[in-house]
Trainee: 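Following this message is one structure expressed as structure tokens.
Positions are given from 1, in the same order as the sequence printed here. The structure displayed is predicted, hence computed values, not measured ones. Side-chain atoms are counted along with the backbone in the values below, which use heavy atoms only and exclude waters and symmetry mates.
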Amino acid sequence: MEQVGWLLEDSAGWAVEGYSSCRRERVWGERRTEEKAGRKHWPVFVEVKDLLTLVPPLVGLKGNLEMTLASRLSTAANTGQIDDPQEQHRVISSNLALIQVQATVVGLLAAVAALLLGAVSREEVDVAKVELLCASSVLTAFLAAFALGVLMICIVIGARKLGVNPDNIATPIAASLGDLITLSILALVSSFFYRHKDNRYLTPLVCLSFATLTPVWVLIAKQSPPIVKILKFGWFPIILAMVISSFGGLILSKTISKQQYKGMAVFTPVVCGVGGNLVAIQTSRISTYLHMWSTPGVLPLQMKKFWPNPCSTFCTSEINSMSARVLLLLVVPGHLIFFYIIYLVQGQSVINSQTFVVLYLLAGLIQVTILLYLAEVMVRLTWHQALDPDNHCIPYLTGLGDLLGTSLLALCFFTDWLLKSKAELGDISELASGPP
């Protein structure tokens with residue numbers, strides 16, 4: 001009945017106030033409906049706003065950890081390092097332990113970053129929400145890393161036995177499933193902690209338990225000398241990538257509640273995921289190429305320039321250039337497929353104007369073009385410094401992909417809203433200047 005009364009009040013207001021009031025009341029009604037729907041389905045995201053800031057860095061963990069793992073294992077498979085059963089067991093166990101250490105540390109740091117970014121706009125801090133945020137972040141990172149890590153190992157070993165290049169399979173699957181698994185786990189875990197928020201000891205106990213397990217994972221990871229090197233020197237790329245992704249999360253949390261950015265929460269994982277997936281595939285392929293045909297610190301003759309001409313990155317007959325072209329050609333059809341699926345699921349609540357679709361596809365192309373060029377540059381620079389691109393490039397690039405994707409998507413929504421507002425003002429002007 002409240003809904004009917006609100007609609008009747010709106011109808012009377014429309015008759016008196018005219019076109020502009022009609023539009024305003026409709027917007028208020030949509031906003032009220034969305035807020036009620038949010039409280040009904042995922043109240044934790046309404047009550048703990050900083051969870052939205054966590055989305056890009058936690059989704060980015062698939063690039064920082066799982067896709068890096070997939071790239072490392074693919075390179076090891078292509079160079080024959082896991083053909084021996086004993087060596088295979090050592091590589092698998094040490095890599096799994098490594099990503100658990102990284103997931104625990106980065107999950108906690110992501111929560112701290114989200115809290116710091118959220119504290120900028122608030123004066124008080126709720127200790128219970130801080131505990132919930134930290135526990136949700138750490139547990140989500142741990143479960144997602146373990147599930148995807150085991151899956152990547154099975155895929156790489158299976159691809160090696162079937163004679164298929166794991167670079168073409170493992171990295172895309174890690175990237176694609178990473179979004180779905182991470183977001184699903186975050187929603188379920190945070191909702192669980194929210195339902196049990198009266199238990200004061202639950203969230204601190206979870207954080208403490210994972211902290212005490214960290215030395216165990218470190219001991220297991222030390223079985224492999226290359227993994228020991230990553231444990232000592234591989235933290236900076238992951239942490240910096242997490243910070244970069246957190247700024248994308250800040251953009252999302254600041255825009256998601258505004259009417260002109262309606263639907264941005266639905267498209268953000270798609271835009272960030274597609275960009276991260278494609279650049280991770282390209283980085284993994286270039287890294288494998290260098291591992292097979294060169295030695296660390298020495299670039300092949302055709303890759304001597306640190307800052308190549310963009311045309312050579314996309315327009316030559318060289319194998320990495322051909323791969324970049326193929327990946328770039330996948331952007332538009334891939335985004336159109338995802339857009340259509342989102343429209344089928346969400347219905348009329350999703351922006352589907354031709355202007356927005358064009359802006360959306362243009363943003364996707366700009367994002368992937370920039371990332372593919374940066375991948376070429378960063379792989380050359382890291383290889384020249386005798387660093388492994390699998391461990392140092394993918395985290396940076398996926399973090400940049402999250403920030404670029406979120407920023408460009410927000411710009412698409414704002415531009416589309418601006419163009420619609422101008423068109424509506426033009427309609428109002430025509431009505432005002434018309435005959436009485």
Trainee: Among side-chain atoms of Asn95 and Arg72, is any donor-acceptor pair under 3.5 angstrom?
Mentor: yes
Trainee: Please verify the inter-ring angle class for Phe146 with Phe142; under 30° counts as parallel, over 60° as perpendicular, anything in between as tilted.
Mentor: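 Phe146 vs Phe142 ring planes: parallel.
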Trainee: Less than 4.5 Å apart, any side-chain heavy atom of Val216 and any of Ile220?
Mentor: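 Answer yes - side chains close enough.
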Trainee: Please examine the side chains of Leu403 and Ser407, heavy atoms only from C-beta on, and report whether any two atoms are closer than 4.5 Å.
Mentor: yes
Trainee: Grab the two heavy atoms, one from Leu98 and one from Ala221, that are nearest each other, plus how far apart they are.
Mentor: N-CB, 4.1 Å
Trainee: Output, in order, the C-alpha distance, side-chain angles, deciding distance and verdict of side chain to side chain contact (heavy atoms under 4.5 Å, CB included) for Ile157 and Leu73.
Mentor: CA-CA 9 Å; Ile157 294 175; Leu73 292 176; over 6 Å; no
Trainee: Taking the side chain as everything from C-beta on, heavy atoms only, tell me whether Ile341 gets closer than 4.5 Å to Leu344.
Mentor: no
Trainee: For Gln100 and Ala145, which heavy atoms make the closest approach, and how far apart are they?
Mentor: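 Minimum heavy-atom separation between Gln100 and Ala145: NE2-C, 3.9 Å.
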Trainee: Any donor and acceptor pair, going by atom type alone, linking the side chain of Tyr373 with main-chain N or O of Pro308 inside 3.5 Å?
Mentor: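 Yes; judged by distance alone, with no hydrogens or angles, the pair exists.
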Trainee: Working to the nearest 0.5 angstrom, can you tell me the gap between Ile251 CD1 and Leu411 CG?
Mentor: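 Here the interatomic distance stands at 10.5 Å.
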Trainee: Can you check whether Pro389's main-chain N or O pairs, donor with acceptor, with Ser287's side chain at less than 3.5 Å?
Mentor: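 Here the side-chain-to-backbone pair does not exist.
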Trainee: Verify whether one side chain among Ser136 and Ser190 offers a donor that lies under 3.5 Å from an acceptor in the other.
Mentor: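 Per modelled atom types, Ser136 and Ser190 side chains form no pair under 3.5 Å.
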Trainee: So, His392 versus Trp383, ring centres under 6.0 angstrom or not?
Mentor: no
Trainee: Could you check if a side-chain atom of Leu108 sits within less than 4.5 angstrom of a side-chain atom of Phe210, using non-hydrogen atoms only?
Mentor: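 In short, these two side chains do not touch, never coming nearer than 4.5 Å.
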Trainee: Can you see which heavy atom on Gly405 is nearest to which on Gln367, and at what distance?
Mentor: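 Answer, listing the atom of Gly405 first, then Gln367: CA-NE2, 3.5 Å.
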Trainee: So, Ser137 side chain and Leu133 main chain: donor-acceptor pair closer than 3.5 Å or not?
Mentor: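 Absent.
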Trainee: What is the minimum heavy-atom distance between Ala363 and Leu408, and which atoms define it?
Mentor: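 Shortest heavy-atom separation between Ala363 and Leu408 comes out as O-CD1, 3.6 Å.
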Trainee: So Met322 and Thr316, do their side chains get closer than 4.5 Å, heavy atoms only?
Mentor: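 Contact flag for Thr316/Met322 side chains = no.
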Trainee: With no hydrogens and no angle check, is any side-chain donor or acceptor of Glu376 less than 3.5 Å from a backbone partner on Pro310?
Mentor: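 Side chain of Glu376 to backbone of Pro310, a donor-acceptor pair under 3.5 Å: no, none is there.
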Trainee: Tell me if the CD1 atom of Ile319 is crowded by more than 12 foreign heavy atoms within 6.0 Å.
Mentor: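 No.
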Trainee: Given Leu359 and Phe414, is the side chain to side chain contact (heavy atoms under 4.5 Å, CB included) satisfied, shown in steps?
Mentor: CA-CA 10 Å; Leu359 291 171; Phe414 181 75; over 6 Å; no
Trainee: Which distance, rounded to the nearest 0.5 Å, do you find between the CD1 of Ile155 and the CG of Leu162?
Mentor: 12.0 Å
Trainee: To the nearest 0.5 Å, what is the distance between NZ (Lys262) and CH2 (Trp417)?
Mentor: 15.5 Å
Trainee: Is it true that atom CZ of Phe338 has more than 12 heavy atoms of other residues, nucleotides or ligands lying nearer than 6.0 Å?
Mentor: no
Trainee: Indicate yes or no: at least one non-hydrogen side-chain atom of Val105 is less than 4.5 angstrom from one of Trp235.
Mentor: yes
Trainee: Ignoring hydrogens, what is the shortest heavy-atom contact between Leu397 and Leu371? Give both atom names and the distance.
Mentor: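 Minimum heavy-atom separation between Leu397 and Leu371: O-CD2, 3.6 Å.
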Trainee: Side chains of Leu278 and Val331, heavy atoms from C-beta outward: is any pair under 4.5 Å?
Mentor: yes
Trainee: Grab the two heavy atoms, one from Thr369 and one from Leu365, that are nearest each other, plus how far apart they are.
Mentor: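 Scanning both residues completely, I find the closest heavy atoms to be OG1-O, 2.7 Å.
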Trainee: Are Lys258 and Tyr261 in a cation-pi contact, defined as NZ or CZ under 6.0 Å from the six-membered ring centre and within 45° of the axis?
Mentor: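 No; the conditions do not both hold, so Lys258 does not lie above the ring face of Tyr261.
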Trainee: If you measure from SG on Cys412 to CG on Leu362, what distance do you get to the nearest 0.5 Å?
Mentor: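 Between Cys412 SG and Leu362 CG, I get 7.0 Å after rounding to 0.5 Å.
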Trainee: Please walk me through it: do Val138 and Val206 pass side chain to side chain contact (heavy atoms under 4.5 Å, CB included)?
Mentor: CA-CA 8 Å; Val138 171; Val206 169; 5.7 Å; no
Trainee: Donor-acceptor check, side chain of Thr288 to backbone of Arg285, threshold 3.5 angstrom: yes or no?
Mentor: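 Not confirmed, Thr288 side chain does not pair with Arg285 backbone.
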Trainee: Where does the angle between the aromatic ring planes of Phe356 and Tyr360 fall among parallel (under 30°), tilted (30 to 60°) and perpendicular (over 60°)?
Mentor: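 Ring orientation, 0 to 90° scale: parallel.
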Trainee: Under a 4.5 Å cut-off applied to non-hydrogen side-chain atoms, are Phe413 and Thr255 in contact?
Mentor: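 No, too far: nothing below the 4.5 Å cut-off.
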Trainee: Verify, without hydrogens or angle tests, whether Ser321 (side chain) and Glu318 (backbone) share a donor-acceptor contact under 3.5 angstrom.
Mentor: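 No, the answer is negative, given that no donor and acceptor are paired below the 3.5 Å cut-off.
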Trainee: Counting distance only, does the side-chain N/O of Thr268 pair as donor-acceptor with the main-chain N or O of Thr406 below 3.5 Å?
Mentor: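 Side chain of Thr268 to backbone of Thr406, a donor-acceptor pair under 3.5 Å: no, none is there.
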Trainee: Applying side chain to side chain contact (heavy atoms under 4.5 Å, CB included), run through Ile244 and Asp402 and close with a yes or a no.
Mentor: CA-CA 8 Å; Ile244 295 171; Asp402 291 342; over 6 Å; no
Trainee: Look up atom CD1 in Ile227 and atom OG in Ser93, then write down how far apart they are to the nearest 0.5 Å.
Mentor: 9.5 Å
Trainee: Once you round to the nearest 0.5 Å, how far does OG1 of Thr203 lie from OH of Tyr194?
Mentor: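 Answer rounded to 0.5 Å: 14.0 Å.
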